[in-house]
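Here the structure is laid out as structure tokens; the discussion comes afterwards.
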Amino acid sequence: MHPIQSAKTIKFLLVFTILFAFGTTVPAQKPVLLPEPESVQYGQGNLPLQNLSVHIPASASPDIRFALNELTKTISLKTGKTLRKAASAQSASVIYTVKENGGELPSVSEIDGSRDREKYSISINSKRISISAQTSAGLFYAVQTIRQLITGTGTETVIPHVEISDSPKLPYRGMMMDFAHGGLLTMDEIKKQIDFLAEWKTNQYYFYNEVSIELDGFPSVGFKAGYAKEQIRTVIAYGKERHIDVIPFLNLYGHLHELVRNEKYADLAIGKYGHELDPRNPGTNALLKNWIKQYTDLFPSPFIHVGFDETWETKRIADDGDIKINSEELWLKQLTFVQEELRKYGKTVLAWTDMNNYYPDIMKKLPQEVIPVIWEYKPDTAEINRYLNPVLKEKKDFFIQPAVSGWGHVYPDAAYTYDNIDLCLQAGMKNQTLGFINSVWTDPVEPFVRSSWLFMAYGSIGAWQGKVPDKNTFSDHYAAIVFPAAGEEMKEAFSKMALAGSYLNKCLGKNTNGVPRGTIVESWSNPFQPYYLKNTQAHFEDFKNARKASQEAEDACILALKKCAEKDTGWIHSLLVSARLVKYSATRFIWAKTICDRWNESMLAKKKNDFVVYDLTYPCHGLLVDLMDEAGELKEAYRQSWLNEYMPYRLNTMLGRFDVEYGLWQKLSLKVLDYRIQNDPGNVSKERFEELFKPDF
């Protein structure tokens with residue numbers, strides 16, 4: 001060895017030995033914190049968590065006690081050792097200060113942005129964890145940050161020396177959950193969502209309801225297809241403990257087909273068994289007064305979102321020549337009535353602004369106290385500005401609302417969703433938005449909401465920080481935080497699901513109105529139709545790549561299930577079923593083309609019956625049997641995942657898709673077998689497969 005190299009080696013070994021001997025002075029790898037605090041300064045060393053103690057005085061309010069209990073549970077779970085109870089605050093190694101009583105939930109007074117209600121700071125050194133917070137909300141959010149700072153388990157559990165100060169960039173950070181279109185989440189699932197959102201410092205949960213809350217005097221509306229008032233009260237209380245205000249999100253004009261399709265209420269509609277109430281009918285406002293009283297009694301939140309979007313039916317009837325209808329005047333009249341009625345109950349009203357697209361001057365006529373909510377679900381700055389500019393022109397305060405694109409796909413379009421959330425947040429922050437509401441819609445019923453959780457977190461984090469996290473690394477960091485025992489596997493699963501979706505997007509979605517409603521609509525179409533056979537030919541490699549990526553996601557989920565915490569198994573099973581559904585969507589189109597090609601090449605090109613019936617109908621390995629097997633297996637896996645997340649309502653509608661799908665391949669298999677039975681074994685067909693057998697549902 002060269003003398004200089006020898007000296008360097010000895011020096012390195014000496015430094016390594018010193019560092020190893022005094023391990024607590026070695027700075028730990030900096031943990032990823034999401035949301036990222038305003039200020040983070042790491043010191044040298046770590047605080048072991050094995051022997052910490054906390055003092056929770058008997059006089060502590062329930063909200064403070066809840067936050068400290070959450071911290072206690074988090075540390076105990078990591079160390080495997082119950083956190084000691086100190087006799088006094090002075091003797092405790094976890095100390096805290098809360099400067100104001102109350103302030104558990106966001107209030108209307110924060111519209112001007114002047115309060116520090118959620119502000120907190122953390123100081124961790126070799127002796128203690130110190131937390132200072134403006135209110136119990138800040139204390140709770142400090143606990144969420146500490147949760148991410150902890151590394152190791154058992155006796156190796158430590159937290160780095162660090163100084164943190166933090167507060168949100170936006171006072172109102174909401175998530176809108178759709179309880180009207182798709183499956184209805186179980187109470188347990190709603191609570192899991194609220195727990196999840198609280199970890200990312202969300203403070204509003206918008207409960208979107210059309211007629212899925214049972215109301216007094218309307219016994220048949222929402223019967224076994226909604227939530228009882230007592231259940232809603234439970235959700236509200238559960239959210240409040242976690243500093244999330246549960247806000248009623250209604251539709252008090254349009255989107256009420258579930259009501260007006262009933263003969264008892266059909267005369268209240270402006271169309272025939274349509275979607276919108278008729279503001280000219282005295283019975284309409286009598287009904288709404290009843291509803292408003294019940295909703296305001298039920299939801300204590302100072303905010304209420306009344307919808308008023310997409311009232312196209314009224315406009316269509318007016319445009320078709322009904323001179324008795326001035327659709328713009330009716331819209332304003334109805335919103336004014338609703339606003340004035342809700343003012344009696346002290347509510348601050350939010351309403352969507354999309355009808356500005358049809359009534360260009362409507363913003364200047366909006367009732368003064370109504371807060372406009374700009375929604376745009378495309379990653380398109382021009383589209384966002386089309387709705388934003390009229391609001392800015394009138395100098396109105398506003399909220400902005402993007403969405404997870406999960407309603408058009410089995411698994412959300414990742415890039416599309418990230419960009420939509422990012423652009424909406426950028427536009428909102430640039431123009432001093434009051435708040436940010438991410439959306440999860442369930443219109444096509446089939447997708448599981450759990451697939452949207454990754455993107456829900458992305459939006460919540462962005463709303464706190466005032467900017468979204470790096471989308472190139474976000475899913476990796478998210479996987480490590482949420483699934484610590486299976487982080488690498490879930491990182492792979494999220495990556496491959498996004499990739500599979502991107503390939504499927506190239507193949508399907510061309511025959512639908514409006515992106516991103518595409519792939520799920522066409523995924524159940526007859527793959528033997530001329531259009532789809534031609535489409536499959538053009539996108540054969542994309543379909544193959546979608547299959548490969550979704551199978552790799554499937555593999556990653558299976559491996560994750562072997563390593564994950566028990567509480568995560570249901571969630572990962574749900575993602576596994578979604579991966580299988582994406583793979584099946586691609587498979588059915590590839591198999592349809594392969595079946596036609598196998599027959600046509602043998603019979604028409606080669607002029608020989610070359611075991612083609614065997615290839616297609618062999619009872620355990622035929623191409624047609626492949627699809628029968630997978631459709632049948634998927635039906636049961638889907639049913640189990642559905643019931644793990646949703647109530648039974650609408651399950652049969654979804655399972656029926658699998659039954660019809662199974663029938664397509666079974667009927668086709670029987671037709672091919674009958675052809676074989678009724679003809680000589682060596683018979684060579686002169687017709688193309690798709691023309692001879694006319695595959696159809």
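Since the structure is predicted, the reported quantities are computational estimates derived from the model, not experimental observations.
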Next item on the list: Would you please name every residue forming a salt bridge (Lys or Arg N to Asp or Glu O under 4.0 Å) with Lys467, sequence neighbours left out?
Entry: none

Notebook entry, point to check: Who pairs with Lys191 by side chain to side chain contact (heavy atoms under 4.5 Å, CB included), at least two apart in sequence or on another chain?
Noted result: Thr234, Tyr238

Next item on the list: Name all residues meeting the salt bridge (Lys or Arg N to Asp or Glu O under 4.0 Å) criterion together with Lys99; count only those two or more places apart in sequence or in a different chain, and write none if there are none.
Entry: none

Note to self: Checking Lys240 now: which residues fulfil side chain to side chain contact (heavy atoms under 4.5 Å, CB included) with it, not counting sequence neighbours?
What the structure shows: Glu104, Leu105

Next item on the list: Just jot down the salt bridge (Lys or Arg N to Asp or Glu O under 4.0 Å) partners of Arg343, sequence neighbours excluded, or say none.
Entry: Glu369

Next item on the list: Spell out, as yes or no, whether a donor-acceptor pair under 3.5 Å connects the side chain of Arg117 to the backbone of Gly103.
Entry: yes

Notebook entry, point to check: Considering residues at least two apart in sequence or located in another chain, which fulfil the side chain to side chain donor-acceptor pair (under 3.5 Å) criterion with Lys365?
Noted result: Glu328

Check: What pairs of residues pass the salt bridge (Lys or Arg N to Asp or Glu O under 4.0 Å) test when at least one of them lies in residues 64-77, not counting sequence neighbours?
Finding: Glu70-Lys73, Glu70-Arg147

Note to self: Determine whether a donor-acceptor pair (N or O, by modelled atom type, separation under 3.5 Å) exists between the side chain of Gln148 and the backbone of Leu34.
What the structure shows: yes

Check: Taking 4.0 angstrom as the limit, do Glu376 and Arg386 come out as a salt bridge?
Finding: no

Item checked: Partners meeting ring-ring contact (aromatic ring centres under 6.0 Å, His included) with Tyr205 (sequence neighbours left out) -> none

Checklist line | Set of residues satisfying ring-ring contact (aromatic ring centres under 6.0 Å, His included) with respect to His181, sequence neighbours excluded | finding: Tyr208, Trp441

Item checked: By salt bridge (Lys or Arg N to Asp or Glu O under 4.0 Å) - contacts of Glu100 (at least two apart) -> Arg115

Item checked: Residues in ring-ring contact (aromatic ring centres under 6.0 Å, His included) contact with Tyr120, at least two apart in sequence or another chain -> none

Item checked: By ring-ring contact (aromatic ring centres under 6.0 Å, His included) - contacts of Phe483 (at least two apart) -> Trp571

